[in-house]
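Below is one structure, written out as structure tokens; the observations come after it.
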Amino acid sequence: MTQQKQYPHYIDLKPVLHVEGVVRLPGSKSISNRTLLLAALAEGTTTIHDLLASDDTQVMLGALRALGVKWEQVDERTHIVHGAAGTLPVHEADLFMGNAGTAIRPLTAALAVIGGDYTLHGVARMHERPIGDLVEALNAVGTQIEYTGVEGFPPLRIRRGHIHAQTMSVRGDVSSQFLTALLMSAPLMAKANPVTIKVEGELISKPYIEITLNLMRRFGVTVKQGGWESFTVEPGQNYVTPGSINVEGDASSASYFLAAGAIGGGPVRVEGVGRDSIQGDVRFADALEAMGATITRGNNWIEAKSNGVLKAIDADFNHIPDAAMTLAVAALYAEGTSTLRNIASWRVKETDRLAAMATELRKLGARVEEGPDYISVTPPAEIQPATIDTYDDHRMAMCFSLASLDGAARRGNRMRINEPACVAKTFPDYFDAFASIERTELF
Ligand SMILES: O=C(O)C1=C[C@@H](OP(=O)(O)O)[C@@H](O)[C@H](O)C1
Ligand SMILES: C=C(OP(=O)(O)O)C(=O)O
């Protein structure tokens, strides 16, 4: 897409004897795309510092431009968005959403509520990622969203509806992004009456809802929460710019470097997220700690260091589905069988991540059991040389780079990663950042 970085069709990672260093993280994808949309819907001008520059944010920025929202990049770290105060100036547009869940889901809700004539489509995989629960919840209160391909999936055609939202209901057990989308659009619907959104089924990925509520608050809208089952927005609340917003570093991106430190010696420090983060994925560091690594936390940094061989882990990772992928590869370096539970959502993300992870871990010699919503990984005595396929999934490319780390389990084997360019979804410079902590000689 629009990223400058060029990658070959594969990269060979040299065996890494030791890792050490400091990595400044790119901005959080989840915070960047929410902030962009809220800034566009707000009254006033928002200065955004440290926005993520990647395919997913490019998709949101491109859509906002096509919708007539004015924004400019003033320097490498600063964007300015001129809010359109609850409207969108262009009423007809064809919008390419790539494979960005954080763009298509919230934009579908906002466009359907504001009304116009819009089409939303993406890459082939986007057309296999579910959106039916969100569309049903919206159409039940008067929006006009149609499927132009397969029912329940993008592409979508949105027309102007007649909204009569008071109580809405949405499933929470497929993707939390459906609830996020409704929450962000709720103030646009709560004109005269409160709008209550009820969640059907057990809500997954809860910390992402906390990010949504936190950012809505910063833009002046509070949500009354009845546990994780009910969310109410009182009428008369409009988004107002907070003036400026700093985007935290991406906590999911942090997971690769922290795991590297825990496996390959360290210390490795990530800067941009820390104790004060609003991202649930900082809790990845707790899992590494449970596996025996030494973790140190500051307000805006986290550091990981090895403490000898890691211990296996068996836990529920529903709260950190993205960072949990990193643990599945870290499990190759742990003693015993690790089991990651309650991660069924892996099946409907950039690829079927449960199947992809099982296939690629087996290539390295691991014994893997793949269940409907869990994966168990038993490391091999020695990690085998392998060519890893990445399934156009940035996280497959990033987490399997860890298999180049040496240790008792691995002695100087080649590790090839196919189609590494997929990292552009959230972290275009990932392999440079990874190379910056590699030490190929002991000293
Ligand atoms: O709202 C968000 O920013 C996200 C929510 C999560 O998705 P699910 O709610 O579908 O698990 C996560 O996997 C995704 O990368 C980002
Ligand atoms: C699931 C992911 O992305 P999306 O925001 O497209 O859902 C991810 O980044 O791991």
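Whatever order the structure lists them in is the order used to number ligands and atoms, beginning at 1.
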statement: Quick note on ligand 2: atoms under 4.0 Å from a heavy atom of Gln177 include exactly 4 (P), 5 (O), 7 (O)
message: If we only consider heavy atoms of Arg105, is any one of them less than 4.0 Å away from an atom in ligand 1?
response: no
- prompt: Should the pair His79 and Trp71 be assigned to parallel (<30°), tilted (30 to 60°) or perpendicular (>60°) ring geometry?
  reply: tilted
- prompt: In the protein, what heavy atom is nearest to atom 15 (O) of ligand 1, and what distance, to one decimal place, separates them?
  reply: Asp322 OD2, 2.5 Å
- request: Would you check whether Ser205 has a nitrogen or oxygen atom less than 3.5 angstrom from a nitrogen or oxygen atom of ligand 1?
  value: yes
- prompt: Which atoms of ligand 1 sit under 4.0 Å from any heavy atom of Thr102?
  reply: 2 (C), 3 (O)
task: Decide, yes or no, whether a salt bridge links Glu146 with Arg159 under the criterion of side-chain N to carboxylate O below 4.0 Å.
output: yes
message: With a 3.5 Å distance limit and no angle check, can you tell me whether Thr57 reaches the backbone of Ser54 through a side-chain donor-acceptor pair?
response: yes
task: On the 0 to 90° scale, with breaks at 30° and 60°, tag the Trp228-Phe231 ring pair as parallel, tilted or perpendicular.
output: tilted
message: Would the distance check show the side chain of Ser338 and the main-chain N or O of Ala334 forming a donor-acceptor pair, the cut-off being under 3.5 Å?
response: no
query: Does any N or O atom in Thr180 lie less than 3.5 angstrom from one in ligand 1, N or O only?
result: no
message: Within the structure, is a non-hydrogen atom of Arg353 found at a distance of less than 4.0 Å from ligand 2?
response: yes
message: Would Lys425 count as a polar contact of ligand 2, with the cut-off being nitrogen or oxygen pairs under 3.5 Å?
response: yes
- prompt: From Ser255 OG over to Ile320 CD1, what is the distance, rounded to the nearest 0.5 angstrom?
  reply: 8.5 Å
query: Can you tell me the protein heavy atom closest to atom 1 (O) of ligand 1 and the distance?
result: Arg34 NH2, 2.7 Å
query: Is ligand 1 under 4.0 Å from a heavy atom in the side chain of Ser176, in the backbone, in both, or in neither?
result: both
query: Under a 4.0 Å heavy-atom limit, does Arg125 contact ligand 2 with its side chain, its backbone, both, or neither?
result: neither
task: Check each atom of ligand 1 against the heavy atoms of Ser175 and keep those under 4.0 Å away; list them by number with element.
output: 8 (P), 9 (O), 10 (O)
statement: The protein heavy atom nearest to atom 16 (C) of ligand 1 is Gln177 NE2, 3.4 Å
message: Residue-level breakdown please: for Thr102 versus ligand 2, do any non-hydrogen atoms fall below 4.0 Å on the side chain, on the backbone, on both, or on neither?
response: both
message: Just to verify, what does Arg77 make a salt bridge (charged side-chain N to carboxylate O under 4.0 Å, His left out) with, not counting sequence neighbours?
response: Asp50
task: Over 60° means perpendicular and under 30° means parallel, so classify the ring planes of Tyr239 and Phe219, tilted if in between.
output: perpendicular
- request: Return a yes/no value for Ala100: is any of its N or O atoms, backbone included, closer than 3.5 angstrom to an N or O of ligand 2?
  value: no
message: Taking Asp286 first and then Arg297, would you say they form a salt bridge - that is, a charged N and a carboxylate O separated by under 4.0 Å?
response: yes
statement: For Ser30, the atoms of ligand 1 under 4.0 Å from one of its heavy atoms are 2 (C), 3 (O), 16 (C)
- request: Identify the protein heavy atom lying closest to atom 10 (O) of ligand 2, giving its residue, its atom name and the separation to 0.1 Å.
  value: Arg395 NE, 2.6 Å
query: Quick one: does Gln279's side chain have a donor or acceptor within less than 3.5 Å of a partner on Asp281's backbone?
result: no
message: If the cut-off is 4.0 Å to any non-hydrogen atom of Asn99, which atoms of ligand 2 fall inside it?
response: 6 (O)
- prompt: Would a line drawn from the ring center of Tyr430 to the ring center of Phe257 be shorter than 6.0 Å?
  reply: yes
query: Can a salt bridge be assigned to the pair Asp393 and Lys349 using a cut-off of 4.0 Å between side-chain N and carboxylate O?
result: no
message: Could you identify the single nearest non-hydrogen protein atom to atom 9 (O) of ligand 2 and state the distance to 0.1 Å?
response: Lys29 NZ, 2.6 Å
- line: Check: of Glu350, Lys349, Arg129, min heavy-atom distance to atom 7 (O) of ligand 2 comes from Arg129
